[in-house]
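A quick note: this is a predicted structure, and the numbers were derived from the prediction, not measured.
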Amino acid sequence: MANAEHSGRPVEALGATAGDGPRTRLRAARLGLWLLAAVLAVRQVAVVLSTPRGERLTDLETWVGPEGVLHVSGSLYDSTRFTGTPFGGLVLKPLVRSAEQALGWGWTFGTLLLVVALGVIAARALPRPVGRRTALLAAPVAVSLLVLSLPVRNTLWLGQTSIIPVLLVLLGCFAARGQRAGGVLIGVAAALQPTLLLFAPLLWFTGRRRAAAATGVTFAAATALAWAAMPQDSHTYWVHHMAGVGLGGPADDLANQSLHGALLRLGLEGPLEIALFLLLGAAVVVLALRRAVRYAHDGQLLLAVAVTGCAAIVVSPTAWQHQLLWVLLTAVGRVGRRASDRPVWPVAVVLVMTLPARMMLPNLAALHPLRDNVVLLAALAAATAVPFLSRTSPYFRSPVPTRYADPVPARFAFVPLLPFLRRVLTRPNLLLELLLIRVTYAAYAKVRLAATGGSNSAGRARAEEHGQQILDLERVLGLDIEHAVNHAVVKIGWLRNFFDFYYTSFHFAVPLTVLGLLYWRRPVDYRWARASLGFTTLLALVGFWLYPLAPPRLMPDLGIIDTVHGVQDFSQPDYGTLTALTNQYAAMPSLHFGWSLWCGLVVAIIAPRVWMKALGLLHPLFTAAAIVATGNHWILDAVGGAVVVGAGFGLTYLLQGPRARAVTAGGGTGGESGDKAGAETAGETGGESSAAAGAGARSEPPAPERDRTPS
C-alpha cells in the first residue's frame with residue numbers, strides 16, 4: 001500500500017475541508033474491509049461447525065475424544081495423529097478440556113480470536129514510516145488474508161494449535177516489554193515447534209542477546225519439564241521419532257512441505273537422503289539467517305521474522321499445511337524497482353497460500369514435482385533468493401512510475417465509467433500475467449463444472465430439455481442443419497479429420513498466440529484485448545450456470561455422430577468423455593466460437609495489412625463450421641458466443657473508454673515505435689495510489705533509471 005504522505009502534497013496546506021473527503025473515504029474503506037473480514041470469518045466458522053462431528057476437528061478429537069490420548073494412561077503417541085511435542089501435550093491439556101466442554105465451539109472461536117490478534121500485530125509491525133492509508137487498512141486486510149489462507153482454514157477444520165507458536169513469536173518480537181519477556185515467549189513457541197529455535201540466533205546477531213539467551217533457557221526448561229513429567233513420551237518424540245518424524249502421517253506425504261518430505265518424494269532415502277537433507281538444510285539456515293539479520297538491521301523486522309520462519313519450514317522434519325503461515329507473512333517484503341513488478345511477489349504468495357496447488361499449475365506430469373512442492377518452493381525462495389528491497393533503496397518507497405496514454409475522447413459523456421482505469425503504455429509483468437491467467441482459467445473450469453451441480457449427471461435432464469428447446473427454435477427459424485452437416489462431413493474422411501483437428505487444436509492455441517503477440521508488440525492493445533476476453537468469458541460462465549445445454553452429440557435421439565470423442569454410451573449416468581474434468585453441458589454460449597470471434601475481431605482491428613485482417617476473420621468461420629460438423633454445438637450456440645463477445649468489448653469500452661491510440665510523449669501514435677518507447681518505462685500495478693496514477697504520464701523515472709535499456 002502506498003503511503004499517503006508520499007504524494008508530494010503538504011497535508012497541512014490543504015485545509016480541513018480538503019482533508020475531510022479522503023479521510024472519510026478511508027474510514028469507509030476500513031469499515032468495509034473489517035466487514036469483509038467478519039464475513040469471511042463467520043463463513044469459515046459456519047463451515048466447520050456445520051460439519052457433523054467426526055468429520056471436523058479431527059485432530060482435536062485425538063485430545064478430547066472417548067479414546068483421546070490425553071484421557072488414557074498410555075503414551076501420547078499411541079495414536080500417530082498427535083504430532084505435537086510432549087511439552088505441547090502437557091501445557092495445552094487444560095485448554096483442550098475446556099474445548100471438550102463446549103464441543104468445539106470454544107476452540108473454534110478461540111482460534112479465530114488468535115488469528116485476529118495475529119493480523120493486528122503483523123499490521124502494526126510494518127516498517128516505519130507508515131502512511132495513513134496503510135495504518136488504517138493494513139489490519140483488516142491482514143486478517144482477511146489470514147482467514148482465507150489454507151493454513152488457517154486447516155487449523156480451524158482440524159482443531160490444530162499451529163497459530164499459537166506464530167503468535168508467540170510475533171508477541172515476543174513486537175509486543176513484549178523487555179528482552180527477557182520476549183525471549184521467554186519465543187522459547188515457549190520453540191518448545192511447541194522446535195525448529196523455531198532458529199529465532200535465537202536471529203535475536204543474538206541483531207543485538208538482542210538477552211532475548212536470545214532467554215529463548216534458549218526457556219526452551220530447555222520447558223523440554224526438561226515435559227521430560228520429567230512424561231519421560232516415555234519425550235523419549236518417543238525426541239529419540240524414536242527424531243523430533244516428530246513420522247507423526248501425523250508418512251514423511252513423504254504431499255502435505256509435508258519440508259525439504260525432507262520433498263527429497264523422499266523424489267525417491268531418495270536412507271543415509272543419502274539424510275546427508276543431503278542435513279547439508280541443504282544447513283545451507284538454507286545460513287543464507288536465511290544472514291538475510292534476516294540484514295533486513296532486521298534495515299528496519300524490516302517483520303520481514304526478518306518471516307524469512308526466519310520460512311527457513312524453519314524448510315529444515316523441519318515435517319511441516320504440515322497448518323504450520324506454513326510464515327510464508328504468508330513474507331508478502332510484506334517489497335520486490336522490484338518498477339511499479340509493474342511490485343505486485344508480483346505478494347500476489348504469488350497470496351495465491352500459493354490461499355489456493356490448492358492443482359489450481360496453480362496445470363495437471364502435467366512434467367510439472368508434478370513443482371506442483372507437489374509449491375509451498376516449499378515459496379518458502380525456500382523467500383528464505384534464500386527473493387531480492388527484497390532495502391529501505392535505503394531509492395525504489396523502496398518510490399518505484400519507477402507508471403506512464404499512461406492520453407485519454408481518447410468518447411462518444412458519450414459518461415464514458416468511461418471508471419476513469420481511474422487508465423491505459424498503461426507498457427507491458428505488464430509476465431510472471432504476474434501467467435499466474436493470473438492460470439488461476440483464472442482454473443477458476444473458470446471449476447465454475448463450469450459446478451454449473452450442473454458438480455457432475456454431468458446432476459444436470460443431464462435439464463440440459464437435454466434445453467437442447468430440445470434449442471432444436472425446436474432452430475426448426476422454426478430454419479437453422480436446424482446440425483444433423484445434415486455432421487453426416488455429410490463424416491462421409492468425407494479428410495474433411496472430418498480436418499475439422500476434428502481444428503476443433504481440438506486451435507481453441508487454445510490461437511487466443512494464446514494472439515495474446516502473446518500483443519503482449520510483446522503492442523502492450524496497450526494487449527490490456528484492452530485481455531479485458532474484453534475476460535468479460536467475454538465471465539459472461540459465458542453466467543450463461544453456463546443459468547442455461548445448461550446438451551450439445552447435439554449428447555442428445556440421445558438426434559443421431560449425431562461424435563467425430564471427436566467417439567461413440568457415446570447413453571445408458572451410463574455420466575456418459576460422455578471427460579465428464580470428470582469439464583462440464584459437457586456448457587454449450588450455450590459457445591466459447592469455441594466466442595474466443596475465435598474475439599481473435600478475428602482483434603486481428604481485424606489491429607493488424608496493419610488487409611491480408612492479415614482477412615486471415616484473422618477466417619478463423620471464426622472455420623471454427624463455426626468445425627463446432628457444427630463435429631456435433632459439439634448448435635448454430636444458436638455460435639450466436640450466443642457472438643453476443644457475449646460483443647458484450648465483452650462493450651463493457652471494456654463502457655468501463656475504460658475507447659482503445660488508446662496515443663502512446664508516448666515523444667513517439668507518435670499507436671504504433672510499434674510508441675510501444676517500444678513505452679517498454680522502457682514502468683508498467684501497471686493494481687495497488688498504486690491515486691497520486692501515482694495522477695502523476696503517471698508526466699512523471700520522470702528516477703535518475704538511475706533514465707538511461708536504462710529496455711529489459
Six-ring centre of Phe174, Arg124 cation under 6.0 angstrom, axis tolerance 45°: no
Leu197 side chain near Phe219 side chain, heavy-atom distance below 4.5 Å: yes
4.5 Å side-chain heavy-atom contact, Leu389 and Arg342: yes
Approximate separation, where rounding is to 0.5 Å, of Leu40 CG and Arg43 CZ: 8.0 Å
Thr308 vs Trp326, side-chain contact (heavy atoms from CB on, under 4.5 Å): CA-CA, chis, key distance, verdict: CA-CA 8 Å; Thr308 307; Trp326 299 106; over 6 Å; no
Identified side chain to side chain contact (heavy atoms under 4.5 Å, CB included) counterpart of Pro165 within the set Leu170, Leu192, Val188, Ile186: Leu192
Exercise: identify the closest heavy-atom pair between Trp34 and Ala139: CZ2-CB, 3.8 Å
Main-chain N/O of Val332 paired with Gln300 side-chain donor or acceptor, under 3.5 Å: no
Arg210 atom CZ, over 12 foreign heavy atoms within 6.0 Å: no
Pairs touching residues 433-442 that satisfy salt bridge (charged side-chain N to carboxylate O under 4.0 Å, His left out), sequence neighbours left out: Glu433-Arg530
Within-4.5 Å side-chain heavy-atom neighbours: Val344 and Val335: no
Side-chain donor/acceptor of Thr330 to backbone N/O of Ala382, under 3.5 Å: no
Donor-acceptor contact below 3.5 Å, side chain Arg338 vs main chain Pro399: no
Reported CZ-to-CG distance for the pair Arg371 and Leu367, which is rounded to 0.5 angstrom: 8.5 Å
From Arg290 atom CZ to Leu202 atom CG, the distance as rounded to the nearest 0.5 Å: 14.5 Å
Side-chain heavy atoms of Val315 within contact of Leu198, under 4.5 Å: yes
Thr206 side-chain N/O to Leu203 backbone N/O, donor-acceptor pair under 3.5 Å: yes
CA sep, side-chain torsions, deciding dist, call: Thr215, Phe199, side-chain contact (heavy atoms from CB on, under 4.5 Å): CA-CA 8 Å; Thr215 296; Phe199 283 97; 5.7 Å; no
Donor-acceptor contact present, side-chain Arg403 to main-chain Leu425, <3.5 Å: no
Taking every non-hydrogen atom, the tightest pair across Ala296 and Leu301: CB-CD1, 4.1 Å
Close side-chain approach of Arg30 and Leu26, heavy atoms under 4.5 Å: no
Backbone of Tyr395 reached by a side-chain donor or acceptor of Arg334 within 3.5 Å: no
Qualifying residues under ring-ring contact (aromatic ring centres under 6.0 Å, His included), relative to Phe535, sequence neighbours excluded: none
Chi angles and distances behind the side-chain contact (heavy atoms from CB on, under 4.5 Å) call for Val386, Arg291: CA-CA 10 Å; Val386 178; Arg291 285 160 55 86; 4.3 Å; yes
Polar side-chain atom of Arg391 near backbone of Asp298 as donor-acceptor pair, under 3.5 Å: yes
Contact summary for Gln323 and Thr318, nearest pair of heavy atoms: OE1-O, 3.6 Å
Parallel, tilted or perpendicular: rings of Tyr526 and Tyr519 (30°, 60°): perpendicular
Heavy-atom pair with the smallest gap, counting every atom of Leu33 and Pro140: CB-CB, 3.6 Å
Inter-residue atom distance Asp341.CG - Leu430.CG, 0.5 Å rounding: 11.0 Å
Thr354 OG1 to Leu146 CG distance, which is reported to the nearest 0.5 Å: 11.5 Å
Residues Ser316 and Ser258: side-chain donor-acceptor under 3.5 angstrom: no
N/O donor-acceptor pair under 3.5 Å between Arg180 side chain and Ala214 backbone: no
Any Ile313 side-chain heavy atom under 4.5 Å of Val375 side chain: no
Side-chain heavy atoms of Val152 within contact of Leu118, under 4.5 Å: no
Considering all heavy atoms, the nearest Arg659-Asp525 contact: NH1-OD1, 2.9 Å
By ring-ring contact (aromatic ring centres under 6.0 Å, His included) - contacts of Tyr295 (at least two apart): Phe388
Contact check, side chains of Leu329 and Leu325, non-hydrogen atoms, under 4.5 Å: no
Ala319 backbone acceptor or donor facing Asn256 side chain under 3.5 Å: yes
Derivation of the side-chain contact (heavy atoms from CB on, under 4.5 Å) call for Val314 and Leu280: CA-CA 10 Å; Val314 174; Leu280 294 177; over 6 Å; no
Atom pair CG/CG of Leu370 and Leu377 - distance to nearest 0.5 Å: 6.0 Å
Minimum heavy-atom distance Arg427-Trp520, with the two atoms named: NH2-O, 2.7 Å
Side-chain donor or acceptor of Gln257 paired with backbone N/O of Asp372 under 3.5 Å: yes
